[in-house]
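Below: one structure, written as structure tokens.
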Amino acid sequence: MTLRIYNYLSRQEETFEPLHPGFVGMYVCGPTVYGDAHLGHAKAYITFDIVHRYLEYKGYKVRYVQNITDVGHLVGDGDEGEDKIGKQARMEQVEPMEIVEYYTRNYFRDMDLLNVRRPDISPRASGHVPEQIELAQILIDEGHAYVSGSNVYFSVASWPAYGKLSRRKVDELEEGARLEVDSDKRDPRDFAVWRAATPGHLMQWNSPWGQGFPGWHAECTVMARKYLGLPFDIHGGGLENIFPHNESEIAQSEAAYGGDFARYWLLNNMVTIDGTKMGKSQGNSLNIQQLLTGDHPRLSQPYGPMTVRYFILSSHYRQTTDFTDDALSAATRGYERLIGTVGLVRQMLARQDNVDSTVDPQFEGVRSDFITRFEEAMNSDFNTPQALAALFDFNRAVNTIINSQQPVSNGTLEAIDETYRQLGGNVLGIIPDEISTQSGGSAGLEDSLIQILVDLRAAARKNKDYAISDAIRDQLAEAGVVLEDRPDGTAWKITR
RNA sequence: GGCGACGUAGCCAAGUGGUAAGGCAGAGGUCUGCAAAACCUUUAUUCGCCGGUUCGAAUCCGGCCGUCGCCUCCA
């Protein structure tokens, strides 16, 4: 079974074949670290985390590079705009690099919570200014960029292929109603490779053209090239950046270094909140932290990070994801169903009731059917909704087996657990290695205390003292521990 | 103005030519001391609307209506 990927360059699904067999180079546009990570980041980086994980599942050695944008790009258009990081630094009265450091840490913290595996390299734009200056110089030497004042602009007219990713016709770009004419540009379509710093600009570096800072497309071009070489296999990012950012990355790279830039372009679609665009300017921005704490007017409750991840994976990455409180609540239930079964299997496994290590042959058939369906789904452009559908069918089969009143061998339980760990854990990242009690350091003590209560209740039930047994159950439920009486004893799980 | 995406059951969401996955919610049943969980059955003769192509279309083509987005920093 071969992996097929929708390539935005060709606007078609293509068979994926890396340039160097067995190895994949992947670059994904990273965050600008001047604010907390929001839902858009969650969708984008969970998407490419899935790509990363599935490629490794397929046996590829992947090098995943994702930049940290920490040089100031402009808030507005034109020369008068303020540098975003500089602006935040001024507001918080700290050094720009403190802003960068603070939000970079928050970013990784939030991504860790969402079980997004870290990239192999997280290069910072500020650490690659010489490379960006070099890019500008090469473009000037090649006749694809020019100096105007202390700015360096890429000349779109000099590069006929400009527009090949976004399918915009270069000739028509001028008609864009909102393109403002920048006085230093020879052509309004041109974009900055290097910008002159205004006196108040906090982040600036020396260059052959004076004090300034890199244009906002330059870092991706030079860092992808530096760490992956050209061309590299996969370039990922958000669809809203297809133009001008991604388009300009390509043009710069191909004009400066020749050859192709990236071979497969994967772009995730955007998120909306209650059906409309999320954005700072819309005033409906929703941070990952707000989602996890429930501290937002549109949310009725906090949502667990795994629920959020499950929710994002329940629609395809090239579709928009609409965040609504109702949809998240439904996802919570669905996820609980899944994880409840996994937890039960692990509890049964821990008891070692049946040490038979053979695997039920009938289950083996269910399992291999599931793996086939799962892989087929993932092979068709990372179709996680289909993969999840297969997982739920597998889950139902597992529930049937473990509730069958027939003894289930340890071998079968281990095979079930292994399947969950492989596909639900390693590939989808929604089934953690440890679930049961989810209670931090005191887990051992907590487990013991709950078990004492469960045993007391069992004794009460034996005496048909249901007033006592129900009181124990109700009060535990109130405390967040739900009991389930099963033929083989009482199972419990912590719900908060 | 230019470009693009989407419209599938009450809700979320797969499916791109062969007769509608999965999840949530609802209904009935099994199990249970009662629950919970789980399992079984059930819930779209139909995929925004109107035409066309085809033996056959949610899927292709044309038109219309509606929603959202990009073109400006944004994942």
Side-chain angles (χ1 to χ4, degrees), chain A residues 11 13 28-32 34-35 37-48 69 73-78 81-84 163 166-169 172-180 216 236-245 267-272 275-281 285 310-311 314-316 318-322 324 326-338 340-341 344 373 377 380 383-393 395-400 402-405 461 464 466 469-470 473-474 477 482-487 490-493:
Chain A
R11 303 285 167 109
E13 210 171 84
V28 174
C29 288
T32 302
Y34 70 108
H38 52 64
L39 296 183
H41 296 105
K43 168 143 176 149
Y45 300 124
I46 287 172
T47 294
F48 292 105
T69 298
H73 295 310
L74 300 183
V75 172
D77 204 11
E82 196 171 8
D83 155 357
K84 285 183 292 196
S166 59
R167 309 231 161 162
R168 266 162 232 257
K169 293 183 179 61
E172 292 170 1
L173 291 180
E174 279 181 281
E175 294 166 17
R178 295 156 88 184
L179 264 184
E180 291 171 26
W216 71 285
L239 195 51
E240 81 287 350
N241 275 335
I242 190 170
F243 186 88
H245 179 62
L267 303 174
N268 65 275
N269 215 318
M270 283 160 285
V271 307
T272 54
T276 57
K277 171 196 165 83
M278 180 192 76
K280 290 211 164 106
S281 50
S285 169
Y310 163 74
F311 176 66
S314 69
S315 66
H316 188 85
R318 285 194 288 113
Q319 296 283 44
T320 54
T321 300
D322 187 27
T324 64
D326 285 348
L328 284 162
S329 298
T332 303
R333 300 294 191 85
Y335 182 69
E336 278 171 1
R337 172 189 176 79
L338 199 57
T341 304
L344 204 49
R373 272 182 70 198
S380 45
N383 195 324
T384 52
Q386 272 184 1
L388 285 171
L391 182 58
F392 272 102
D393 284 340
N395 205 60
R396 179 179 299 114
V398 169
N399 275 321
T400 301
I402 63 179
N403 291 324
S404 66
Q405 314 276 1
R461 288 181 72 210
K464 298 197 187 303
Y466 295 123
S469 70
D470 288 354
R473 182 175 64 196
D474 293 347
V482 172
L483 303 187
E484 293 175 20
D485 293 328
R486 303 176 54 75
T490 298
W492 53 271
K493 63 186 176 191

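This structure is a prediction, so every number in the text was calculated from the model and none was measured. Lettering follows sequence order; numbering is per chain, from 1.
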Nearest-angstrom distance, P atom, G52(B) to A9(B)
25 Å
Assign Ser469(A) to base, sugar-phosphate, or nothing according to its heavy-atom contacts below 4.0 angstrom with the strands shown.
base
Once you apply a heavy-atom cut-off of 4.0 Å, does Gly238(A) come out as touching a base, just sugar-phosphate, or nothing?
sugar-phosphate
Without decimals, in angstroms, what is the distance between Leu328(A) CG and G23(B) P?
19 Å
Leu239(A) side chain reached by Arg318(A) side chain, heavy atoms, under 4.5 Å:
no
May I ask you to say what Val28(A) touches in the nucleic acid, namely base, sugar-phosphate or nothing, with a heavy-atom cut-off under 4.0 Å?
nothing
When the distance from CZ of Phe392(A) to P of G23(B) is rounded to whole Å, what number comes out?
7 Å
Remember a base hit wins even if backbone is also touched, and classify Gly340(A) as base, sugar-phosphate or nothing at under 4.0 Å, heavy atoms.
nothing
Any side-chain N or O of Asn399(A) under 4.0 Å from OP1/OP2 of C39(B)?
yes
Please work out if Arg473(A) contacts a base, only the sugar-phosphate, or nothing of the nucleic acid, heavy-atom cut-off 4.0 Å.
base
Rounded to the nearest 0.5 Å, how far apart are OG1 of Thr490(A) and CG of Leu483(A)?
6.5 Å
Any Arg461(A) side-chain nitrogen or oxygen under 4.0 Å from OP1 or OP2 of C34(B):
no
Report yes if a side-chain nitrogen or oxygen of Ser166(A) is closer than 4.0 Å to either non-bridging phosphate oxygen (OP1 or OP2) of C70(B); otherwise report no.
no
Please answer whether G33(B) and Tyr466(A) are stacked, defined here as ring centres separated by less than 5.5 Å and planes angled under 30°.
yes
Indicate, with a heavy-atom threshold strictly under 4.0 Å, whether Tyr335(A) touches base, sugar-phosphate, or nothing.
nothing
In this structure, how many angstroms lie between the C1' atom of A37(B) and the CZ atom of Arg396(A), rounded?
15 Å
Measure from the side-chain N and O atoms of Asn383(A) to the backbone N and O of Ala377(A), and report whether any donor-acceptor pair falls under 3.5 Å.
no
Rounded to whole Å, how long is the line connecting atom CZ of Arg486(A) with atom P of C39(B)?
11 Å
From Thr384(A) OG1 over to Tyr310(A) OH, what is the distance, rounded to the nearest 0.5 angstrom?
10.5 Å
At under 4.0 Å between heavy atoms, how does the protein contact nucleotides 25-30 of chain B? Give one character per nucleotide, 5' to 3', with B, S or -.
S-----
Using whole Å, report how far CD of Glu336(A) lies from C1' of A36(B).
12 Å
Could you measure the distance from the NE2 atom of His38(A) to the NZ atom of Lys43(A)? Nearest 0.5 Å is fine.
14.0 Å
Just to be sure I understand the rule, does Phe48(A) reach a base, reach only the sugar-phosphate, or reach nothing, if contact means heavy atoms closer than 4.0 Å?
nothing
When the distance from CG of Leu344(A) to C1' of C39(B) is rounded to whole Å, what number comes out?
13 Å
Asn403(A) atom CG is separated from A37(B) atom P, nearest whole Å, by 13 Å
Heavy atoms only, 4.0 Å cut-off, all strands: where does Gly236(A) land among base, sugar-phosphate and nothing?
nothing
Summarise protein proximity over nucleotides 4-21 of chain B in one line of letters, 5' to 3': B for base, S for sugar-phosphate only, - for none, counting protein heavy atoms closer than 4.0 Å.
--S------SSS-----B
Lys464(A) NZ - U32(B) C1' separation (whole Å):
12 Å
Please check: side-chain N/O of Thr276(A) versus main-chain N/O of Thr272(A), any donor-acceptor pairing under 3.5 Å?
no
